[in-house]
Amino acid sequence: LDYLNSYFTQFDKICAQHEVTKIETVGEEYVCAVGVVPRDWEVNDALGHAVILHRLIKAATEILQVQRDSGEVKLKMGIHTGPVVAGVIGQKLPRFRLCGDTIN
């Protein structure tokens with residue numbers, strides 16, 4: 001777990017730096033997104049998709065650089081586009097989730 005945590009901590013910092021929203025980690029998967037929080041909607045309305053997507057691409061590039069620098073880990077990365085429903089689910093341990101064909 002320490003090994004995985006060290007990488008996810010680096011990914012958290014990269015995402016925060018580029019205003020990419022971390023959604024969740026599931027096992028060995030790290031899920032993040034742009035365009036799912038109100039501030040992103042405002043940027044999208046004012047400036048279009050390119051600004052938001054550029055942040056995602058910059059973060060992805062830096063995450064892949066972590067792989068190249070380490071030489072220990074091989075990452076697979078996918079980028080999906082399309083509609084999602086976003087919201088907080090649960091009461092005991094509430095989580096921000098994305099649902100829909102794009103994320104599943």
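Heads up: numbering here begins at 1 and tracks the sequence.
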Checklist outcome for this item: Scanning both residues in full, the closest heavy-atom pair of Glu19 with Val34 reads O-CG1, 4.4 Å

Next on the checklist: Suppose we screen for ring-ring contact (aromatic ring centres under 6.0 Å, His included). Which residues come up paired with Tyr30, at least two apart in sequence or across chains?
Outcome noted: Phe8, Phe11

Checklist outcome for this item: Rounded to the nearest 0.5 Å, the CD1 atom of Ile79 sits from the CG atom of Leu53 at a distance of 8.0 Å

Checklist entry - Taking all atoms of both residues into account, what is the closest heavy-atom pair of Gly35 and Ile52, and its distance? => result N-CG2, 3.8 Å

Checklist entry - Among the clusters formed by ILVMFWY side chains lying less than 4.5 Å apart, do Leu98 and Val37 turn up in the same one? => result yes

Next on the checklist: On a heavy-atom basis, which atom in Val36 and which in Ala86 lie closest, and how many Å separate them?
Outcome noted: O-CB, 4.4 Å

Checklist entry - Within a radius of less than 6.0 Å around CD of Glu28, do more than 12 heavy atoms belonging to other residues, nucleotides or ligands occur? => result no

Item to check | Heavy-atom pair of closest approach, residues Leu47 and Val51 | outcome: CB-CG2, 3.8 Å

Item to check | Min side-chain heavy-atom separation Val66-Ile14 under 4.5 Å | outcome: yes

Next on the checklist: Between Asp40 and Arg55, is there a side-chain heavy-atom distance shorter than 4.5 Å?
Outcome noted: yes

Next on the checklist: Ignoring hydrogens, what is the shortest heavy-atom contact between Leu4 and Gly27? Give both atom names and the distance.
Outcome noted: CD2-O, 3.5 Å

Next on the checklist: Working to the nearest 0.5 angstrom, can you tell me the gap between Met77 CE and Leu64 CG?
Outcome noted: 4.0 Å

Item to check | Contact summary for His18 and Ala59, nearest pair of heavy atoms | outcome: CD2-CA, 3.8 Å

Next on the checklist: Nearest 0.5 Å, please: how far is CD in Gln10 from NZ in Lys13?
Outcome noted: 7.5 Å

Checklist entry - Taking the side chain as C-beta and beyond, is there a heavy-atom pair between Ile23 and Arg97 under 4.5 Å? => result no

Checklist entry - Is there any ring pair (Phe, Tyr, Trp, His ring centres under 6.0 Å) pair reaching into residues 77-104, and which pairs are they, with sequence neighbours excluded? => result none

Checklist entry - Any donor-acceptor pair under 3.5 Å linking the side chain of Thr9 with the backbone of Ser6? => result no

Item to check | Residue pairs, two or more places apart or on separate chains, that pass salt bridge (charged side-chain N to carboxylate O under 4.0 Å, His left out) and touch residues 60-85 | outcome: none

Checklist entry - Taking atom SG of Cys32 and atom CG of Leu56, what is their separation to the nearest 0.5 Å? => result 6.0 Å

Checklist entry - Does Val31 share a hydrophobic cluster with Ile89, counting links as ILVMFWY side-chain heavy atoms below 4.5 Å and allowing steps through other members? => result no

